[in-house]
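What follows is a single structure, written as structure tokens, with notes after it.
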Amino acid sequence: MEITIATRAEDYSRWYTDVIAAAQLADYAPVKGCMVIRPNGYAIWERMQRALDDMFKETGHRNAYFPLFIPESFLKKEAEHVEGFAPECAVVTHGGGKKLDEPLFVRPTSETIIWDSYRNWIQSYRDLPLLINQWCNIVRWEMRTRLFLRTTEFLWQEGHTAHATEEDARQEAMRMLHVYRRFAEEWMALPVLYGEKTAAQKFAGAIRTHCIEAMMQDGKALQAGTSHELGQNFARAFNVTFLNEKGGREFVWATSWGVSTRLIGALIMAHSDDKGLVLPPKLAPIEVRVIPVFAKQPEKVGTAAEALRKELSQTLRVDMDARESASPGWRFVDWERSGIPLRVEVGPRDIDNHTAMVVRRDTGEKTSLPREGLADRLAELLMAVQKNLYDRALAFRNAHTYQVDDYEDFKRLIDERPGFYYAHWNGSSVVEAKIQEETKATIRVLEHDVEASPGKCMVTGEPSSRRVVFAKAY
RNA sequence: CGGGGUGUAGCGCAGUUGGUCAGCGCGCCUGCUUUGGGAGCAGGAAGCCGCCGGUUCGAGUCCGGCCACCCCGACCA
């Protein structure tokens with residue numbers, strides 16, 4: 001199949017969808033706003049799942065599964081929550097050929113149905129903390145969708161925890177925020193800002209929402225993960241109490257946190273290039289592809305390539321493209337747009353010289369390496385690729401991060417050169433809304449762990465204790 | 001929901017003022033020759049021309065209606 005990929009410069013959003021098509025990550029589904037995640041795309045999700053799931057388990061969480069359908073009455077129990085989600089819910093009104101007595105909402109998130117269970121599970125402080133995660137699909141009826149970034153149905157994980165004190169819940173929310181930060185940095189090779197959302201942008205039903213924010217190659221921000229402090233809102237709504245050590249009855253404190261298949265979109269937009277997908281080795285389903293160049297000695301080359309594949313497979317995720325019907329050039333391009341970090345060519349010359357030709361996807365760098373000890377060298381190279389992708393993304397973010405103090409400058413610059421803008425803000429939701437209205441940019445994050453730097457709000461001139469991060473966002 | 005665009009073979013497209021307009025490229029299948037950056041030749045399969053209804057002797061082509069999808073905006077992870 002002939003596949004062409006638009007360049008990022010000529011049409012960024014076209015480039016994005018072209019990369020997905022070329023790498024066969026996903027197709028558009030017959031249902032508007034939905035996608036078919038193809039094996040290549042799903043394999044990336046599986047690697048993400050495995051890494052994240054391990055991190056969740058290490059932090060004491062267990063997996064469970066709650067129903068897809070949520071009674072309408074459940075959703076209505078928490079006022080702010082239902083207000084936030086009702087407009088984007090799919091609702092089942094009929095089942096078994098009959099109209100249902102009570103409509104069933106397809107979960108847009110599972111707080112309500114989970115807290116209904118927690119009421120029964122939690123009696124005493126000895127039952128706390130309760131640390132549960134679930135992997136599932138959810139549905140949000142979005143007006144405008146994009147493959148992976150925003151689809152009507154998507155896959156995610158949602159952690160839901162219950163704690164005896166506000167402080168415990170707060171620490172849990174922060175712990176998971178940092179799990180996400182580490183995952184982004186170490187696995188996705190994606191530098192992120194982390195901190196708190198403004199009141200206007202927090203999750204419906206939360207006290208505070210924390211997030212990680214990444215920069216894409218067009219300078220726009222992408223929220224890549226969220227962690228919420230839910231206070232006692234859901235405990236009150238579902239009457240979930242526990243007896244403390246002194247025999248007193250208290251409402252429990254909650255958190256929830258999630259990341260979704262959107263992360264695959266983040267991966268694509270952070271690292272890929274005009275030739276196609278680029279994957280960080282740690283998340284690449286295949287780390288190394290062996291490509292035999294048959295030339296005049298197909299049997300000799302085939303045997304050597306298979307031996308190499310087998311040997312490398314002992315320590316690396318390897319596959320081989322030994323199609324004799326496809327020319328080497330074709331197979332190189334195929335490897336390129338698939339985003340596999342390393343390519344190893346095996347041809348007659350390599351065999352004679354006891355070497356292999358190794359090519360990096362991230363830099364295109366081509367090196368002839370000794371056949372002896374190749375697996376170890378490839379492992380080192382994979383680490384180098386992983387690091388380079390992170391460094392490159394960080395350098396890009398730094399190059400597109402600015403400070404601005406004058407609102408007129410801001411209005412102009414946010415259009416002229418998209419990126420992260422550090423600016424002072426007076427903390428007012430009204431001002432925040434005005435800025436969004438006039439520039440389409442939003443406050444992405446109030447960063448944690450940064451030093452106070454007093455200044456004046458760029459809009460009102462009122463005092464501000466610190467700069468916040470503005471950007472246009474996906 | 002507004003603005004823009006597109007529906008013809010698996011993918012990308014062409015198809016003039018209605019009359020061999022059912023076509024091209026890529027892919028796919030068969031055979032032979034090839035193989036260190038998108039191979040060549042020969043043969044072959046494949047299309048309800050988005051849907052419905054008009055006009056007409058005759059409609060991818062003209063008219064009316066509908067539907068779907070993509071892109072750009074308003075909601076959101």
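Per chain, numbering begins at 1; letters A, B, ... match sequence-line order.
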Assign Lys366(A) to base, sugar-phosphate, or nothing according to its heavy-atom contacts below 4.0 angstrom with the strands shown.
-> base
Nearest-angstrom distance, P atom, G10(B) to C62(B) = 24 Å
Lys300(A)/Asp352(A) ion pair, N-O < 4.0 Å = yes
For Thr109(A), answer base if it contacts any base atom (sugar-phosphate contacts may also be present), sugar-phosphate if it contacts only those atoms, and nothing otherwise; contact means non-hydrogen atoms under 4.0 Å.
-> nothing
Could you let me know what G36(B) is paired to, Watson-Crick or G-U wobble, both distances under 3.5 Å, or none if it's on its own?
-> none
Searching all strands shown, indicate the nucleotide that pairs with U20(B) (Watson-Crick or G-U wobble; both distances under 3.5 Å).
-> none
Check the distance between A77(B)'s P and Glu111(A)'s CD and give it to me in whole angstrom.
-> 12 Å
Nearest-Å distance, CZ (Arg323(A)) to P (A39(B))?
-> 11 Å
What nucleic acid atoms does Ser260(A) come within less than 4.0 Å of, heavy atoms only: base, sugar-phosphate, or nothing?
-> base
Whole-Å distance separating the OH atom of Tyr474(A) from the C1' atom of G73(B) | 15 Å
If the C1' atom of U6(B) is compared with that of G50(B), how far apart are they to the nearest Å?
-> 11 Å
Looking only at atom C1', what distance separates C72(B) and A9(B), rounded to whole Å?
-> 31 Å
Mind checking who A77(B) pairs with, Watson-Crick or G-U wobble, both distances under 3.5 Å?
-> none
Selection from A77(B), A74(B), C72(B) that lies nearest to any side-chain heavy atom of Phe154(A) = A77(B)
Of the listed G73(B), C75(B), G36(B), the closest approach to the Val293(A) side chain comes from G36(B)
Does OP1 or OP2 of A39(B) have a side-chain N or O of Ser327(A) closer than 4.0 Å?
-> yes
Pairwise P distance for C66(B) and C71(B), with rounding to whole Å = 24 Å
Do Glu111(A) and Ser256(A) have side-chain N/O donor and acceptor atoms under 3.5 Å apart?
-> yes
Side chain of Tyr28(A): nearest nucleotide among C71(B), G38(B), A77(B)?
-> C71(B)
With respect to the phosphate group of U35(B), does any side-chain polar atom (N or O) of Lys296(A) fall under 4.0 Å of OP1 or OP2?
-> yes
Between C67(B) and Lys32(A), is there an OP1 or OP2 to side-chain N/O distance shorter than 4.0 Å?
-> no
Using the C1' atoms only, state how far U30(B) lies from A46(B), rounded to an integer number of Å.
-> 15 Å
Pro348(A), nearest nucleotide to its side chain (from G36(B), U35(B), A74(B)) | G36(B)
Distance test, side-chain N/O of Arg144(A) to OP1/OP2 of C75(B), below 4.0 Å = no
Distance under 6.0 Å and angle within 45° of the ring axis: does Arg262(A) meet both against Phe148(A)?
-> no
Please work out which of the three classes, parallel, tilted or perpendicular, describes the rings of Trp15(A) and Tyr12(A), given edges at 30° and 60°.
-> tilted
Ionic contact status for Arg170(A) with Glu229(A), cut-off 4.0 Å = no
Could you work out the separation of C69(B) and A22(B) based on their C1' atoms and round it to a whole Å?
-> 25 Å
Check: G37(B) base within 3.5 Å donor-acceptor of Arg343(A) side chain = yes
Base-pairing mate for G60(B) - Watson-Crick or G-U, with both contacts under 3.5 Å = none
Using atom C1' of each nucleotide, how far apart are U55(B) and G65(B) to the nearest Å?
-> 15 Å
In the structure shown, which nucleotide is the Watson-Crick or G-U wobble counterpart of C51(B), with both distances under 3.5 Å?
-> G65(B)
Would you kindly give the CH2-to-P distance between Trp141(A) and A77(B), to the nearest whole Å?
-> 18 Å
Spacing between Ile351(A) atom CD1 and G36(B) atom P, to the nearest angstrom = 14 Å
Residues in contact with RNA chain B, drawn from residues 205-228 of chain A - heavy-atom cutoff 4.0 Å = Gln223(A)
Charged N-O contact under 4.0 Å between Lys440(A) and Asp415(A) = no
Give a yes/no verdict on a cation-pi contact between Arg337(A) and Trp330(A), requiring under 6.0 Å between NZ or CZ and the six-membered ring centre and an angle within 45° of the axis.
-> yes
Can any side-chain N or O of Asn137(A) pair as donor or acceptor with the backbone N or O of Phe154(A) at less than 3.5 Å?
-> no
On RNA chain B, more 5' by nearest nucleotide between Thr152(A) and Ser13(A) is Ser13(A)
For residues Ser227(A) and His210(A), is any side-chain donor paired with an opposing acceptor at under 3.5 Å?
-> no
Selected nucleotide, minimal atom distance to Glu324(A) side chain, candidates C72(B), U35(B), C75(B) = U35(B)
Which nucleotide in the set U35(B), G38(B), C71(B) lies at the smallest distance from any side-chain heavy atom of Arg337(A)?
-> G38(B)
Whole-Å distance, Lys300(A) NZ to U35(B) P, equals 15 Å
Syn/anti state for G44(B) [syn: chi within 90° of 0] = anti
SB check Arg50(A) Asp54(A) (cutoff 4.0 Å) | no
Does Leu149(A) or Arg14(A) map to a spot on RNA chain B nearer the 5' end, using the closest nucleotide for each?
-> Arg14(A)
Taking atom C1' of U35(B) as reference, at what distance in whole Å does atom CG of Asp350(A) sit?
-> 14 Å
Please tell me which of the listed nucleotides, U35(B), G36(B), A77(B), lies nearest to the side chain of Phe294(A)?
-> U35(B)
Write down the distance separating the C1' atoms in G15(B) and C49(B), rounded off to the nearest Å.
-> 10 Å
Partner of U30(B) under the Watson-Crick or G-U wobble criteria, both distances under 3.5 Å, comes out as A42(B)
Could you tell me whether Glu172(A) and Arg175(A) make a salt bridge, using a distance below 4.0 angstrom between a side-chain N and a carboxylate O?
-> yes
Whole-Å distance between C72(B) C1' and Asp11(A) CG?
-> 11 Å
